[in-house]
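Keep in mind that the numbers below use all heavy atoms, side chains included, and drop hydrogens, waters and symmetry copies. Note that the numbering runs from 1 along the sequence shown for the chain.
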Amino acid sequence: MKKYKIFNLNYFKTFLLKFRNNEYAFMTLSGVIVGMICSIISVIFIFVISKLSVYLDSIASTKSYLYLILPALGGLLVGPIIKYVAMEAKGHGVPNVINAVLLERGKIRPIVAIAKIISSILTIGTGGSCGREGPIVQIGATVGSCFSQVLGLTERRTITLLASGAAAGISATFNAPISGVLFATEIIMKKAGIKEYASIVVASVISSVISRSILGDHPAFFLGSSYSFDYVELPLYVLLGCFSALIAIIFNNIFHKTENLFENLPLNTLFKPALGGLICGIFLFFAPGIYGSGFPAIQKALTGDYPLKILFLFLIAKIFATSFTLGSGGSGGVFAPLLFIGAIFGSLYDKITDIIFPSTSGNGAYSIVAMAAVFAAAAKAPVTPVILVFEMSRDYNIILPLMLGSITALLISHAFSSDSIYTIRLKEKGIDPDLLESKNLLENITVKDAMIPDSHIVKVPAYMPIRDLEAYFHMKGVKRAVVVDSASNLFGMVNIKDLYRKPELVDSGIVADICSKNPIIVRADDSLEDAALLFGSEPYHTIPVVDTFNSKKILGLLRREDIISAYSNALKNKNVMEKYLRSRRIQKAVSAELIELKVNSN
């Protein structure tokens with residue numbers, strides 16, 4: 001009797017590899033398959049978490065002491081999975097995906113997806129304060145990576161399909177296909193060409209179509225009432241962006257310090273998630289609305305159902321509960337917590353502004369804008385949060401405040417730190433994704449990082465007699481100086497050759513008579529790439545560096561050799577990182593530790 005196989009893997013591989021020489025056709029077809037697989041997994045994942053969360057939360061609501069126990073119990077069950085099955089399953093997932101792109105050539109072990117699914121269901125379902133979106137990114141990325149490994153594809157194609165899986169996961173979970181594409185290209189890959197976009201876009205679209213057909217096509221959140229944008233409120237949205245940045249900075253710092261606390265805690269890894277769950281349970285006991293992803297509370301915040309004191313309680317509880325849940329090794333994501341924190345803070349802001357300015361009506365708009373602003377500031381992503389929150393609310397009237405609030409929050413948070421919640425741990429290991437991806441190293445270095453500071457430059461007052469200038473130059477051992485006015489602001493530049501251009505003024509003139517009064521300047525936050533163009537176009541030896549907001553306040557001097565030195569150091573750092581990455585990859589490949597020995601020839 002002849003046997004038939006329902007699915008023949010070898011036949012499937014042979015069929016798919018027929019398209020291998022046609023890049024676009026092959027990657028598009030691969031994107032379709034990855035998107036289909038990821039959408040089905042996402043739907044099942046969402047369904048199981050939702051059912052478990054609702055069931056346990058409903059029981060705990062009648063027996064409030066269970067809120068203290070459930071997250072710890074979930075952590076106790078997650079501990080063995082993290083320690084014995086896949087250490088990559090702990091935390092919020094996305095950094096591990098970025099790590100796979102940088103260190104592992106896009107390769108992720110299949111067991112990671114299984115471990116992440118189980119551990120995330122246990123963590124979120126039992127009340128752990130985290131979201132399902134981070135895990136589904138890691139699960140989708142694992143699907144894409146494994147699909148590529150089965151076919152034996154190149155590193156570039158593997159990374160592209162990894163990103164396609166991540167995009168498909170976001171698309172299915174949030175019902176947001178555009179955001180899936182943006183997240184994969186803006187946060188995970190950092191850059192993408194037409195070939196990469198073909199696979200990522202198709203995977204995201206297919207995933208969204210399948211998930212919509214099963215879960216339904218509706219906005220994730222609804223505004224309290226129809227929102228009408230008023231230009232008069234723009235300053236309030238700018239102010240909201242400022243405060244949202246502060247909230248994001250606080251959250252990132254607490255989250256990072258909690259991760260380090262548990263990393264260095266002398267406790268068996270088996271029990272760390274349980275301890276974090278226990279602490280989370282304490283916050284959950286007093287603020288049950290933060291249970292799991294907290295989506296019901298987000299919707300209530302949008303409709304203004306919470307009083308001020310509850311909003312304050314939820315805001316503080318969510319920040320700490322999420323930090324202890326994920327920092328201890330629990331498995332989940334920071335997407336939902338960031339959206340939760342933004343929605344609660346936005347509702348809080350709405351109520352306060354309504355007291356001060358009764359004529360303004362947020363109608364949930366402040367919460368929506370704060371969701372995107374907090375996310376943008378924490379993730380250092382300018383576009384993804386705007387499109388994500390827009391797709392979740394589907395209210396185009398909110399798009400202008402959404403963009404304004406998000407970019408304000410991003411700029412302010414970036415002024416404090418360029419590290420995102422996804423990259424800070426990588427940078428602690430000596431890996432800078434931005435530097436590795438950059439082809440032009442000078443664009444990542446600011447003038448203030450390379451200049452001679454104000455305390456080390458020679459300055460002369462504009463009213464100094466010219467006859468004293470030459471002696472001053474000899475005394476200081478320099479040939480040029482910055483000329484300042486009576487308020488110590490930039491007046492001009494003078495060099496030793498200027499002394500002899502107007503000999504008739506030597507005995508009677510002052511420095512202001514011979515100096516160049518309109519020197520070319522650079523601002524402290526300009527890139528060295530921009531500064532190098534100034535040196536290239538004009539025969540300058542030094543350029544004054546001024547304050548970003550006050551073009552007369554002198555901060556330092558930039559020389560040609562400073563740019564060369566900064567470039568040399570950046571290139572050296574990049575080479576060190578690339579060497580580190582190569583050694584890590586070799587260690588992974590041969591399962592052995594590499595030891596570098598330096599031999600002294602003497």
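Atom CZ of Phe47 and atom CD1 of Ile49 lie 12.5 Å apart (nearest 0.5 Å). Once rounded to the nearest 0.5 Å, the distance linking CD1 of Ile118 with OG1 of Thr123 reads 11.5 Å. Atoms CD1 and OG, from Ile254 and Ser323 in turn, are 6.0 Å apart once rounded to the nearest 0.5 Å.
Nearest heavy-atom pair, Tyr422 versus Ala379, reported as atom, atom and distance to 0.1 Å: CE1-CB, 3.7 Å.
A donor-acceptor pair under 3.5 Å is absent between the side-chain atoms of Lys107 and the main chain of Ser145, judged by distance alone. Of the possible polar contacts, none joining the Thr423 side chain to the Asp419 backbone as a donor-acceptor pair under 3.5 Å is found. Under a 3.5 Å cut-off, the side chain of Ser367 and the backbone N or O of Ala343 do form a donor-acceptor pair. A donor-acceptor contact shorter than 3.5 Å is absent between the side chain of Ser208 and the backbone of Val205.
For the residue pair Ser331 and Ser119, a side-chain donor N or O sits within less than 3.5 Å of a side-chain acceptor on the partner. In the model, Lys318 has a side-chain atom that pairs as donor or acceptor with a side-chain atom of Ser129 under 3.5 Å.
Environment of CD1 in Ile210: crowded, with over 12 heavy atoms of neighbouring residues, nucleotides or ligands closer than 6.0 Å. Within a 6.0 Å radius of OH in Tyr306, more than 12 heavy atoms belonging to other residues, nucleotides or ligands are found.
Using bins of under 30°, 30° to 60° and over 60° for the plane-to-plane angle, the ring pair Phe262/Phe324 lands in the perpendicular bin. Between Tyr366 and Tyr237, the angle of the ring planes lies from 30° to 60°, which puts this pair in the tilted group.
In this structure, Phe335 has its ring center under 6.0 Å from that of Phe375.
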